[in-house]
Amino acid sequence: MPRVISIVSGKGGVGKTTLVGNLGTILSKKFDKKVLLIDANITTPHLGQYMGIDFCQTTLNDVLRGKALVDEALYEHESGARLIPASIELHDLKGIDISKLKKVVAEANKKIKDTEIVLIDSAPGLGREAVASLKASKEVLFITTPYAPIVIDVMKCARIAEHLKLKPLGVVVNMSHGKGHELNKQEIEALVGLPVISTIRHHKEVHHSLSARKPLALHSPRAQGTKEFQRVAEVLLGVESDNRGMLARLKEIFSRFYNTTPEDTKKMQAQ
Ligand SMILES: Nc1ncnc2c1ncn2[C@@H]1O[C@H](COP(=O)(O)OP(=O)(O)OP(=O)(O)O)[C@@H](O)[C@H]1O
Ligand SMILES: [Mg+2]
């Protein structure tokens, strides 16, 4: 069975959809994973637009309404990730029961057999929509900006996820400017009671990628922001990244070349 992970926040606009789009791209393109992205933010959906897949004829709304099968609402992104978008039309909210999301996810996993990871882009907060995403998941990843009121709302979401017995993967801090007035990693960890697995800075390139209708990881694969999104993907997969600087890596290559150990190199440097 695939892993099913909800991306959740207490407040809106902190970067859930941006994270889901970039994780989907990186997990598919860089790590060769079969990923399914579901836009479960049915009242204000954006994932399709962020991925450059919009004006979709069949959407999650049709599936929830029982008017379409799950594979009819499935779209393939150029990264290889698959996407079930929600409808952007207001009238498409009629007759929707979001509590059926869990059944839709189960049906998707039955029909799309090779899926390894399902990422659910949740609605913000603690309402019916957000709770439906949590109930459809086995694991949860929280995202926040580094400010107290937003972090406090994540604390509440974390308690609900705990109550639902979901596995917490940690907290992503997004849109940090690295300023003193922001909460730091230790303060956020102490408040939420979960590790901060990555801090993503505020990058203006994210806005450029948004207007190009591509996730940053596809639009600017070498950007610092892409590396930060990739760090989150590595933590999800349990992959160790090489965070050492260029100089340390070059030293290791040279030491291998001359058949010396890094310890030898250190001794030589100390002389
Ligand atoms: N690291 C970042 N740097 C700069 N801008 C960012 C970053 N992450 C997200 N943004 C921008 O912040 C805005 C909100 O992001 P996004 O739509 O992903 O949030 P959300 O949590 O999904 O919102 P909602 O709760 O409304 O669904 C967008 O304009 C997005 O481009
Ligand atoms: Mg969103």
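In each ligand, atom 1 is the first atom listed, and ligand 1 is the first ligand listed.
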Can you report which non-hydrogen protein atom sits closest to [atom], along with the distance?
atom	value
atom 8 (N) of ligand 1	Asn174 ND2, 2.9 Å
atom 14 (C) of ligand 1	Gly13 O, 3.6 Å
atom 29 (O) of ligand 1	Leu210 CD2, 3.7 Å
atom 19 (O) of ligand 1	Gly15 N, 3.0 Å
atom 30 (C) of ligand 1	Thr18 OG1, 3.7 Å
atom 17 (O) of ligand 1	Tyr50 OH, 2.5 Å
atom 25 (O) of ligand 1	Lys16 NZ, 2.6 Å
atom 4 (C) of ligand 1	His203 O, 3.2 Å

As an exercise, state the distance from [atom1] of [X] to [atom2] of [Y], rounded to the nearest 0.5 Å.
X	Y	atom1	atom2	answer
Ser198	Lys185	OG	NZ	10.0 Å
Ile5	Leu236	CD1	CG	5.0 Å
Leu191	Glu187	CG	CD	7.5 Å
Ile26	Leu216	CD1	CG	8.0 Å

By number and element, which atoms of ligand 1 are closer than 4.0 Å to a non-hydrogen atom of [X]?
X	result
Ile200	1 (N)
Asn41	27 (O)
Gly12	25 (O)
Pro124	25 (O)

| said: Can you confirm whether or not the ring centre of His202 sits under 6.0 Å from the ring centre of His207? | reply: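 Yes, ring centres under 6.0 Å apart.
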
| message | Please compare Arg201, Met175, His207, His177 and report which has the shortest non-hydrogen distance to atom 7 (C) of ligand 1. | response |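 The option holding the nearest heavy atom is Met175.
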
| query | With a 4.0 Å cut-off on heavy atoms, is Val14 touching ligand 1? | reply |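 Flag set, Val14 near ligand 1.
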
| message | Please tell me whether Ser87 and Asn61 have a donor and an acceptor in their side chains that are separated by less than 3.5 angstrom. | response |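 Absent: no donor and acceptor within the cut-off.
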
| query | What residue among Lys29, Lys214, Arg213 forms salt bridge (charged side-chain N to carboxylate O under 4.0 Å, His left out) with Glu78? | reply |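 That would be Lys214; it is the only one of Lys29, Lys214, Arg213 passing the salt bridge (charged side-chain N to carboxylate O under 4.0 Å, His left out) with Glu78.
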
| Just heavy atoms, cut-off under 4.0 Å: does Asp121 contact ligand 1 by side chain, backbone, both, or neither? |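 Asp121 to ligand 1: no contact under 4.0 Å from either part.
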
| task | Using a cut-off of strictly less than 2.8 Å, determine whether Thr17 has an N/O/S atom near the Mg ion (ligand 2). | result | yes

| request: Assess whether atom CG of Asp114 is packed by more than 12 heavy atoms of other residues, nucleotides or ligands within 6.0 Å. | output: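 Counting neighbours around CG of Asp114, more than 12 heavy atoms of other residues, nucleotides or ligands fall under 6.0 Å, so yes.
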
| Of Asp97, Val104, Thr59, Asp92, the residue whose pairing with Leu64 passes side chain to side chain contact (heavy atoms under 4.5 Å, CB included) | Val104

| field | Salt bridge present between Asp39 and Lys16 (N-O < 4.0 angstrom) | value | no

